[in-house]
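Please read the structure below before turning to the comments.
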Amino acid sequence: MAKTDKRRIFILDTTLRDGEQAPGCSMNLGEKIEVAKRLERLGVDVIEAGFPASSPGDLEAVKAVAATVKKSAVAALCRCIEKDIDAAREALAKAARPRIHVFIATSPLHMEHKLRMSKKQVLERAAASVEYAKKFCYDVEFSAEDAFRSDPGFVCKVFGAAIEAGALTVNFTDTVGYATPAEFGERIRYVKEHTAGMVQARLSVHCHNDLGLAVANSIAAIAAGADQVECTINGIGERAGNASLEELVMGLYVRRDYFSVETSIDTTHIYPVSRLVSQVTGMKLQPNKAIVGDNVFVHESGIHQHGVMANRETYEIMSPDSIGVPRVKHASPNRIVLGKHSGRHAFEERLKELGLAVDGEALEAIFAEFKNLADKKKTVSDRDIEALVMDSAVSVPETWKLEHWAVNTGSALGASGIIRLKHRDGRHKQHVCMGDGPIDSIFRAINHIVGREPELELYEIGAITGGSSSQGETMVRISLDGRRWNGRGLSTDVVESSIKAYLSAINAMEWHLHSE
């Protein structure tokens with residue numbers, strides 16, 4: 001990157017940790033690795049990969065991400081407890097650029113009711129934990145949980161102690177999204193000016209969106225001198241979510257004349273990673289979502305259409321290309337149409353046009369799926385291709401594989417479903433079940449074969465494109481004993497897409513339960 005006189009703002013993405021803590025947003029190992037790869041390609045400085053001490057599954061996920069990512073730093077979150085730090089050290093053992101991120105609450109409310117600790121105890125625990133983490137990792141970050149509702153002077157003392165113990169980054173959090181931009185900016189300015197040793201560390205902020213102000217507060221903090229912002233793709237996270245990475249970064253980019261700061265983010269990768277996170281978590285975006293919503297570059301008003309046709313800048317402050325929206329929307333009429341007679345070269349060229357990086361065995365598998373789909377449809381759309389790539393990238397090992405299914409249903413007949421599955425050990429199992437409808441009967445049959453009864457929390461089905469031959473895309477979420485798993489399925493048959501989605505979730509559940 002060429003040197004400029006602009007101040008550098010560091011981006012820590014916590015989609016894989018804080019984002020995944022949102023209800024229903026859990027990801028399997030394959031999904032986490034694929035998201036981590038996309039985040040690295042996006043250019044984030046730090047990927048917070050998880051909370052290793054929280055579960056064996058999280059520990060293994062952080063290990064896998066740490067072993068995969070080479071350019072971005074990989075962070076593991078821990079409480080200010082030695083066993084948490086030990087788990088983080090183990091998880092980050094193969095990381096090219098490891099970061100241990102420790103935190104403790106500093107607000108009176110949290111210290112009294114959650115920690116049951118005095119200010120002195122919190123201060124001592126914070127310093128001791130940073131010092132302990134520093135034995136294993138050069139890059140240590142310290143966070144004051146619920147910092148905004150804490151006494152500012154006390155936060156400065158804790159930050160000063162953490163910096164003296166070796167923290168290279170101290171993080172000021174608005175854990176419950178209580179702040180407003182003006183007062184948050186003032187607080188950041190106060191911390192910068194009153195923390196001993198602050199010139200030796202970066203000041204970070206982590207804002208939640210309970211009042212819809214997470215991005216505004218983060219930008220106010222940058223204006224007041226913050227060096228790092230913690231955020232998530234699509235703003236996912238606990239309760240109302242976190243500061244949205246795409247909104248924050250594009251706000252700084254579009255208004256770079258005003259803010260005079262820069263980040264390492266390659267904005268042309270924003271749209272693809274947003275789509276991926278939406279699909280693997282099942283958290284669909286509202287059409288008017290800033291930056292990445294479907295309506296952002298759509299104009300229906302006649303006045304707007306006329307202006308855009310004359311000059312896009314009349315009503316668009318950024319271009320689709322700037323965030324990585326595929327160029328296919330601006331393609332010429334003689335653009336090649338993909339169908340069952342299309343060859344590998346044309347298919348690979350289309351993948352490149354769509355910004356989809358696929359090679360090796362993955363390319364072979366996706367091309368085979370493309371040919372199968374092309375046999376069922378006259379033409380295969382770009383959305384179809386995107387869906388095939390996403391589906392391939394985030395799959396988990398198949399404990400159960402679909403071999404055959406059939407349903408019998410009608411208004412006077414009720415519904416029955418038969419399904420045959422193959423276990424990874426080679427066994428075949430088949431079962432017939434009655435249900436309230438074709439989907440219910442098949443899902444009941446699968447549960448009988450698997451020997452578990454997870455609760456179906458979410459079932460959504462939609463079309464990838466228009467027309468009666470469109471692929472159906474089904475999203476499901478199942479839960480068992482307080483754990484949740486997502487599944488996604490694609491097929492031109494809506495029943496089959498539902499079966500694939502349910503089996504995807506079942507396989508994710510089986511993989512997690514057998515790996516713990």
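Donor-acceptor pairing under 3.5 Å is recorded for the side chains of S204 and N171. Judged by distance alone, the side chains of H423 and D425 do bring a donor and an acceptor atom under 3.5 Å apart. Counted by atom type alone, S416 and N408 present zero donor-acceptor pairs between their side chains at under 3.5 Å. No side-chain donor-acceptor contact under 3.5 Å links D493 and S491.
Here CE of M27 is found 8.5 Å from CG of L276. Values are rounded to the nearest 0.5 Å. Note that CG of L421 is 9.5 Å distant from CD of Q430, once rounded to the nearest 0.5 Å. Interatomic distance, I478 CD1 to S504 OG, rounded to the nearest 0.5 Å: 9.0 Å. The structure places CG of L77 at 8.5 Å from CG of D84, a figure rounded to the nearest 0.5 Å. Distance check: E48 CD to H101 NE2 gives 5.5 Å after rounding to the nearest 0.5 Å. To the nearest 0.5 Å, atom CG of residue L285 and atom CG of residue N234 are 4.5 Å apart.
For the pair N28 and W511, the minimum side-chain heavy-atom distance is 4.5 Å or more. Counting only heavy atoms from C-beta outward, the side chains of C80 and F142 approach each other to under 4.5 Å. Residues E141 and L12 form a side-chain contact, since some pair of their non-hydrogen atoms from C-beta on lies under 4.5 Å apart. Between F136 and L92 there is no side-chain heavy-atom pair separated by less than 4.5 Å.
With H431 as the fixed residue, the side-chain contact (heavy atoms from CB on, under 4.5 Å) test singles out one of I418, I449, I446: I449. Shown are L252, V44, V229; of these, the side-chain contact (heavy atoms from CB on, under 4.5 Å) with T263 is made only by L252. With N242 as the partner, the side-chain hydrogen bond (donor to acceptor under 3.5 Å, both in side chains) test is satisfied by one option alone out of T232, D13, D18: D18.
Here the side chain of R97 pairs a donor or acceptor atom with the backbone of K71 at under 3.5 angstrom. Side-chain N or O atoms of S441 include none that pairs as donor or acceptor with a backbone N or O of G435 at under 3.5 Å. With hydrogens and angles ignored, the 3.5 Å screen pairs no side-chain donor or acceptor of S278 with any backbone N or O of S274. The backbone N or O of A91 sits nowhere less than 3.5 Å from a side-chain atom of K94 that would complete a donor-acceptor pair. Side chain of T15 to main chain of I233: a donor-acceptor pair is present (N/O by atom type, distance under 3.5 Å, no hydrogens or angles). Without hydrogens or angle criteria, D45 side chain to I11 main chain gives a donor-acceptor distance under 3.5 Å. When atom types are taken as modelled, the side chain of T268 and the backbone of I323 share no donor-acceptor pair closer than 3.5 angstrom. Looking at S264, its side chain does come within 3.5 Å of a backbone N or O of G43 through a donor-acceptor pair. D58 places no side-chain N or O within donor-acceptor distance of the main-chain N or O of A53, the cut-off being under 3.5 Å.
Across all their heavy atoms, S497 and T474 have their closest contact at OG-OG1, 2.7 Å. Shown here for S498 and I461, the closest heavy-atom pair between the two residues is OG-CD1, 4.1 Å. Residues E246 and S244 approach most closely at OE2-OG, 2.7 Å, considering heavy atoms. Closest approach of R484 to S479, counting heavy atoms only: CG-CB, 4.0 Å. The nearest pair of heavy atoms linking V280 to N486 is O-ND2, 3.5 Å. Nearest heavy atom pair, residue I366 against residue F347, reads CG2-CZ, 3.7 Å.
The aromatic rings of F443 and Y502 lie parallel to each other, with less than 30° between the two planes, well short of the 60° mark. Ring geometry, H208 versus H206: the interplanar angle falls from 30° to 60°, so the pair is classed tilted.
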With side chain to side chain contact (heavy atoms under 4.5 Å, CB included) as the test, would you mind laying out the steps for V296 and I291 before giving the verdict?
-> CA-CA 6 Å; V296 173; I291 314 300; 5.8 Å; no
Start with the C-alpha distance between R420 and H428, add both sets of side-chain angles, then the distance that settles side chain to side chain contact (heavy atoms under 4.5 Å, CB included), and finish with yes or no.
-> CA-CA 7 Å; R420 180 178 170 87; H428 298 267; 3.4 Å; yes
Going through the checks in order, is the side chain to side chain contact (heavy atoms under 4.5 Å, CB included) test met by R444 and M434?
-> CA-CA 8 Å; R444 285 173 183 266; M434 300 294 293; over 6 Å; no
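One finds no salt bridge joining K37 and E40 here, because no Lys/Arg side-chain nitrogen approaches an Asp/Glu carboxylate oxygen to under 4.0 Å. A salt bridge links K289 with E247: at least one charged nitrogen is closer than 4.0 Å to a carboxylate oxygen. By the 4.0 Å N-to-carboxylate-O rule, R89 lies close enough to D86 to be salt-bridged with it. Salt bridge annotation for E145-K114: present, with a cationic side-chain nitrogen under 4.0 angstrom from a carboxylate oxygen. A salt bridge links E510 and R452; the closest N-O separation between the charged side-chain nitrogens and carboxylate oxygens is under 4.0 Å. Looking at K422 and E403, no side-chain N of the basic residue comes within less than 4.0 Å of a carboxylate O on the acidic one, giving no salt bridge.
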